[in-house]
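Inspection log for the structure reproduced underneath, given as structure tokens.
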Amino acid sequence: MSDAVSNDVRNRLQWSLFALRLGVFIVMFIWTLDKFVNPGHSIAIFEKFYSIPGLGETVAYIMGALQLLLVLAFVTGIKKRFTYGIIFIMHGASTLSAFNQYFDAFNNLLFFAAWPMWAACFALYLLRDEDTKFTLSK
């Protein structure tokens, strides 16, 4: 492969990884904001999908603050092995916790959007060293 082609492929890969990172960030950021805007929703999700009752608003706010730090570190590419890995695990847990929803597929179509996002998280984790576009750590 010539240097010009190699550079073109690397450039396309970096833009692709940036697009994936930005897309995952948008979803995770909105889920984070939900913990502040509607903590009752987060409490209900933890009860229904994780069987953890009675979290309380304070816990939702604390989880939101920690998640906010994580997603901001993720989108800026800080400590990629850690942040990309935690995002992958968090989204995987979320995807798998809704497992019963997949049995009633046509009444829960939006739950299936979690699978390609989880695949994007996996790709980002595997290719984290190549994901350098607009990151704070190269």
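No hydrogens, no waters, no symmetry mates; every other heavy atom, side chains included, goes into these values.
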For the atom pair [atom1] ([X]) and [atom2] ([Y]), what is the distance rounded to the nearest 0.5 Å?
{"X": "Glu57", "Y": "Phe36", "atom1": "CD", "atom2": "CZ", "answer": "12.5 Å"}
{"X": "Phe82", "Y": "Ile87", "atom1": "CZ", "atom2": "CD1", "answer": "10.0 Å"}
{"X": "Phe111", "Y": "Asp104", "atom1": "CZ", "atom2": "CG", "answer": "10.5 Å"}
{"X": "Ser16", "Y": "Arg12", "atom1": "OG", "atom2": "CZ", "answer": "9.0 Å"}
{"X": "Leu55", "Y": "Tyr50", "atom1": "CG", "atom2": "OH", "answer": "11.5 Å"}
{"X": "Arg81", "Y": "Asp129", "atom1": "CZ", "atom2": "CG", "answer": "7.5 Å"}

Hey, quick one: are [X] and [Y] part of the same hydrophobic cluster, counting side-chain heavy atoms closer than 4.5 Å, chains of contacts allowed?
{"X": "Leu22", "Y": "Leu13", "result": "yes"}
{"X": "Tyr102", "Y": "Leu109", "result": "no"}
{"X": "Ile52", "Y": "Val59", "result": "yes"}
{"X": "Phe134", "Y": "Leu127", "result": "yes"}
{"X": "Ile89", "Y": "Leu96", "result": "yes"}

State plainly whether the residues Asp131 and Arg21 are in salt-bridge range, i.e. N to O under 4.0 Å.
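Salt bridge: yes.
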
[X] side chain to [Y] backbone, donor-acceptor under 3.5 Å:
{"X": "Glu130", "Y": "Gln14", "answer": "no"}
{"X": "Thr32", "Y": "Met28", "answer": "yes"}
{"X": "Thr76", "Y": "Leu136", "answer": "no"}

For the student: nearest non-hydrogen atoms of [X] and [Y], plus distance:
{"X": "Lys35", "Y": "Ser42", "result": "CG-OG, 3.1 Å"}
{"X": "Ser51", "Y": "Pro53", "result": "O-CD, 3.4 Å"}
{"X": "Ala123", "Y": "Leu20", "result": "CB-CD1, 4.5 Å"}
{"X": "Tyr61", "Y": "Pro39", "result": "OH-CG, 3.6 Å"}
{"X": "Gly77", "Y": "Tyr84", "result": "CA-OH, 4.1 Å"}
{"X": "Pro116", "Y": "Ala113", "result": "CD-O, 3.3 Å"}

I'd like to check [X] versus [Y] (side-chain heavy atoms, cut-off strictly below 4.5 Å). Are they in contact?
{"X": "Leu17", "Y": "Thr132", "result": "no"}
{"X": "Lys133", "Y": "Asn11", "result": "yes"}
{"X": "Leu66", "Y": "Ile62", "result": "yes"}
{"X": "Phe74", "Y": "Val24", "result": "yes"}

Pick out which of Ile26, Val27, Leu33 makes a side-chain contact (heavy atoms from CB on, under 4.5 Å) with Phe29.
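Among Ile26, Val27, Leu33, the one that satisfies the side-chain contact (heavy atoms from CB on, under 4.5 Å) with Phe29 is Leu33.
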
What do you reckon, are the aromatic ring centroids of Phe122 and Phe88 less than 6.0 Å apart?
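Phe122 vs Phe88: aromatic centres under 6.0 Å.
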
